[in-house]
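Worksheet: the structure to be examined is printed underneath.
Computed from a predicted model, the values in this text were never measured in an experiment. Each chain gets a letter, A, B and so on, in the order the sequences are listed, and its residues count up from 1.
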Protein chains: 2
Amino acid sequence: MKFIIEGSRVFKALGDPKRAMIVDMLSCGELCACMILEKFQISQSTLSHHMKLLCECGLVVGRNEGKWTYYSLSADGIAKTKQFFCDITSGKENCICKEMNPDRCCND
Amino acid sequence: MKFIIEGSRVFKALGDPKRAMIVDMLSCGELCACMILEKFQISQSTLSHHMKLLCECGLVVGRNEGKWTYYSLSADGIAKTKQFFCDITSGKENCICKEMNPDRCCND
DNA sequence: GTGCCCTATCGAAAAATGTCAATATGAACT
DNA sequence: AGTTCATATTGACATTTTTCGATAGGGCAC
């Protein structure tokens, strides 16, 4: 249960189109917050909020350099997210439903 | 842009812990709505709403049999979701940032 | 130090979401 | 036809989320 709640936070973060687009932008390499801001019609405070969510869920990491903040994707966060998605869709070892539904789960 | 909005719908659906858990349950095989309902402390109308969202984003498919509705994961939906996640995190061919950031994206 | 730039935080308003009870739909059985 | 059961839809409410303007903090240049 805690496993699911923790894992779904990344999906919640990616559930907002703007944040998904930010992740896409970062997939090409590190970017300064101000560069990301240029691409969107949102206020600076809103962007800061989005970046905070992306960092808190582990998908993005921030790095301060002087007065700038550079953001980049976390390879570990990406790997964990892929693993989580596989876990909840493949019905194998880690599936939570094993305990909820022992009579019909994970017996293949 | 439309590509991102469409793709992030699946993540928005999975962003709710209960829906993520439902997906996990379905990963072990098809389940009747009433069986899923037994495992949660939610009303029937709430479950119906969750299942609707999971179906609309393409991750789950419903099948009517008499008065029952059976739900199962969509292999195609799962594959598409994996692909979308890879697209926005790998920075390769399909990355949206190419058009937004042509000077520094997708040149590796 | 003072001023300027970049980013984060706060407070508030609007919009979206999760939830329920009540009701509607639709299928099977008598 | 009427009843019962499983599911979907509706309407309402509380909570969460998105967003902004205003403000605060921290670094750099003068």
Side-chain angles (χ1 to χ4, degrees), chain A residues 1 4-26 30-73 101 104, chain B residues 1 4-26 30-74 101:
Chain A
M1 180 64 181
I4 291 275
I5 292 178
E6 189 59 32
S8 63
R9 287 181 64 195
V10 182
F11 292 136
K12 181 174 284 187
L14 288 173
D16 182 272
K18 290 205 179 83
R19 287 194 293 265
M21 209 174 299
I22 290 171
V23 167
D24 184 68
M25 291 175 67
L26 294 177
E30 191 181 61
L31 283 175
C32 177
C34 58
M35 293 191 233
I36 303 172
L37 186 58
E38 280 180 3
K39 306 296 176 184
F40 292 95
Q41 312 296 350
I42 58 176
S43 70
Q44 179 269 322
S45 60
T46 299
L47 177 66
S48 184
H49 174 241
H50 284 319
M51 299 317 295
K52 186 179 182 184
L53 289 181
L54 285 171
C55 289
E56 283 178 347
C57 77
L59 208 55
V60 169
V61 289
R63 176 177 70 84
N64 291 325
E65 189 174 316
K67 54 183 171 182
W68 289 280
T69 303
Y70 290 91
Y71 292 102
S72 57
L73 295 189
N101 234 357
R104 60 168 299 158
Chain B
M1 181 62 179
I4 290 274
I5 292 179
E6 189 59 34
S8 63
R9 287 181 63 195
V10 182
F11 292 135
K12 180 174 284 189
L14 288 174
D16 181 272
K18 291 205 178 81
R19 287 195 292 264
M21 208 174 302
I22 290 170
V23 168
D24 184 68
M25 291 175 66
L26 293 177
E30 189 180 63
L31 284 174
C32 178
C34 58
M35 294 192 234
I36 303 173
L37 185 57
E38 281 181 3
K39 306 295 178 184
F40 293 95
Q41 312 296 349
I42 57 176
S43 70
Q44 180 269 321
S45 60
T46 299
L47 176 66
S48 183
H49 174 243
H50 284 319
M51 299 316 296
K52 187 179 180 183
L53 290 180
L54 285 170
C55 289
E56 281 176 349
C57 76
L59 207 54
V60 168
V61 288
R63 176 177 69 82
N64 291 324
E65 187 174 315
K67 53 183 171 179
W68 289 280
T69 304
Y70 290 91
Y71 292 101
S72 58
L73 295 189
S74 158
N101 233 359

How many whole angstroms separate atom CZ of B/Arg63 from atom P of D/dA8? 13 Å
Considering only D/dA8, D/dG26, D/dA22, which nucleotide approaches the side chain of B/Ser48 most closely? D/dA8
Evaluate the criterion side-chain contact (heavy atoms from CB on, under 4.5 Å) for residue pair B/Met21 and B/Phe40; output intermediate values, then yes/no. CA-CA 10 Å; B/Met21 208 174 302; B/Phe40 293 95; 4.0 Å; yes
Verdict with supporting geometry, B/Ile42 and B/His50, side-chain contact (heavy atoms from CB on, under 4.5 Å): CA-CA 11 Å; B/Ile42 57 176; B/His50 284 319; 4.2 Å; yes
Between C/dA24 (C1') and B/Lys67 (NZ): distance, integer Å: 17 Å
Between B/Ser74 and B/Val61, what is the shortest heavy-atom contact and its length? CB-CG1, 4.1 Å
What integer distance in Å separates A/Met51:CE from C/dT9:C1'? 16 Å
Would you kindly give the CD-to-C1' distance between A/Glu65 and C/dC5, to the nearest whole Å? 15 Å
Mind listing the closest non-hydrogen atom pair of B/Ile5 and A/Pro17 along with its distance? CG1-CB, 4.0 Å
Taking only residues at least two apart or on different chains, which pairs with a member in residues 54-63 of chain B satisfy salt bridge (Lys or Arg N to Asp or Glu O under 4.0 Å)? B/Glu30-B/Arg63, B/Arg63-B/Glu65
NA contact type, B/Ile42, heavy-atom cut-off 4.0 Å: base, sugar-phosphate, or nothing? sugar-phosphate
So if I take every side-chain heavy atom of A/His50 and compare against C/dG26, D/dT18, D/dA8, which nucleotide ends up nearest? D/dT18
Round to a whole Å and report the spacing from CD of A/Glu56 to P of D/dT17. 11 Å
Please check the phosphate of D/dT19 (OP1 and OP2 only) for any side-chain N or O of A/Lys18 closer than 4.0 Å. yes
Residue closer to the 5' end of DNA chain D, B/Asn64 versus A/Gly66 (nearest nucleotide): B/Asn64
Pick base, sugar-phosphate or nothing for A/Tyr71, based on heavy-atom distances below 4.0 Å to the nucleic acid. sugar-phosphate
Any side-chain N or O of B/Thr46 under 4.0 Å from OP1/OP2 of C/dG18? no
For B/Gln41, answer base if it contacts any base atom (sugar-phosphate contacts may also be present), sugar-phosphate if it contacts only those atoms, and nothing otherwise; contact means non-hydrogen atoms under 4.0 Å. sugar-phosphate
Dump the intermediate steps for side-chain contact (heavy atoms from CB on, under 4.5 Å) on A/Leu31 and A/Ile22, then the final yes or no. CA-CA 10 Å; A/Leu31 283 175; A/Ile22 290 171; over 6 Å; no
Donor-acceptor pair under 3.5 Å: do we get one between A/Gln44's side chain and the base of C/dA8? yes
Given A/Met51 and A/Ile36, is the side-chain contact (heavy atoms from CB on, under 4.5 Å) satisfied, shown in steps? CA-CA 10 Å; A/Met51 299 317 295; A/Ile36 303 172; 4.1 Å; yes
Protein-nucleotide distance (A/Leu47, atom CG; D/dG21, atom P), rounded to Å: 14 Å
Do B/Ser43 and C/dA21 have a side chain to base donor-acceptor pair shorter than 3.5 Å? no
What does B/Thr69 touch in the nucleic acid at a heavy-atom separation under 4.0 angstrom: a base, only the sugar-phosphate, or nothing? sugar-phosphate
Whole-Å distance separating the CG atom of A/Leu37 from the P atom of C/dT7: 8 Å
How long is the line joining CH2 of B/Trp68 and P of D/dC5, in whole Å? 11 Å
Within residues 5-17 of chain B, the residues having a heavy atom closer than 4.0 Å to DNA chain D are none
Minimum heavy-atom distance A/Leu14-B/Ser8, with the two atoms named: O-CB, 3.4 Å
Side chain of B/Cys34 (C-beta onward), nearest among D/dG26, C/dT7, D/dT7: D/dT7
Note: for A/Arg19 and A/Ser45 on DNA chain D, the residue whose nearest nucleotide lies more 5' is A/Arg19
